[in-house]
Amino acid sequence: MVTLTDIKDKLTEANLKITHQRLVIYEALLKCMNHPTAEYIYDKIKEDNPSVSLGTVHKTLDKFVEVDLAKKVLSTDHLKRFDANISKHNHIYLENSKEIIDYHDEELQQIILDYLKKKKLNNIKIKDVQLQINADKIDKKLSVSIK
Ligand SMILES: [Zn+2]
């Protein structure tokens, strides 16, 4: 569980001044595991924080990316989405539900890096690999076979 003190510490470590809007936006981003857009975050916080505008949410999220508190996530839906998890990880993009979920698999990462090393790509030094796996979410209720 992330506490308010943790959030304040993170902002301070990133050399950001602690403001009310930064606190609520960062907290909302940490709680959203689905890699939200600025609009999504705005929807989550606007009721309790009517003074925070959508423009502020956009600017604040971009600031978080600038200071490495968050990452931008590229996805095939062409939406600008954000990730509070700044560690190296893969994403599974669920096309039918438009969710992005984290996928950690160090073995897969190593296999791909080893494979690319063997290929000896000219003038290219591979630093890391991040995958986006496109998939569809399967609704368990629908996949139950009828007897
Ligand atoms: Zn992620």
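Read the numbers this way: they start at 1 and go in the same order the structure lists the ligands and their atoms.
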Please determine whether the number of non-hydrogen atoms from other residues, nucleotides or ligands lying under 6.0 Å from atom NZ of K63 exceeds 12. no
Of all N/O/S atoms in H91, which lies nearest to the Zn ion (ligand 1)? NE2
When you check the gap from the basic side-chain N to the acidic O, do K10 and D68 get nearer than 4.0 Å? no
Would a single hydrophobic cluster contain both F82 and I92, if residues Ile, Leu, Val, Met, Phe, Trp and Tyr are joined by side-chain heavy-atom contacts under 4.5 Å? no
What's the NE2-the Zn ion (ligand 1)-OD1 angle here (H89, D102), rounded to 10 degrees? 90°
For the atoms OD2 of D83 and NE2 of H35, give the angle they form at the Zn ion (ligand 1), rounded to 10 degrees. 100°
Q110 and D114: side-chain donor and acceptor closer than 3.5 Å? yes
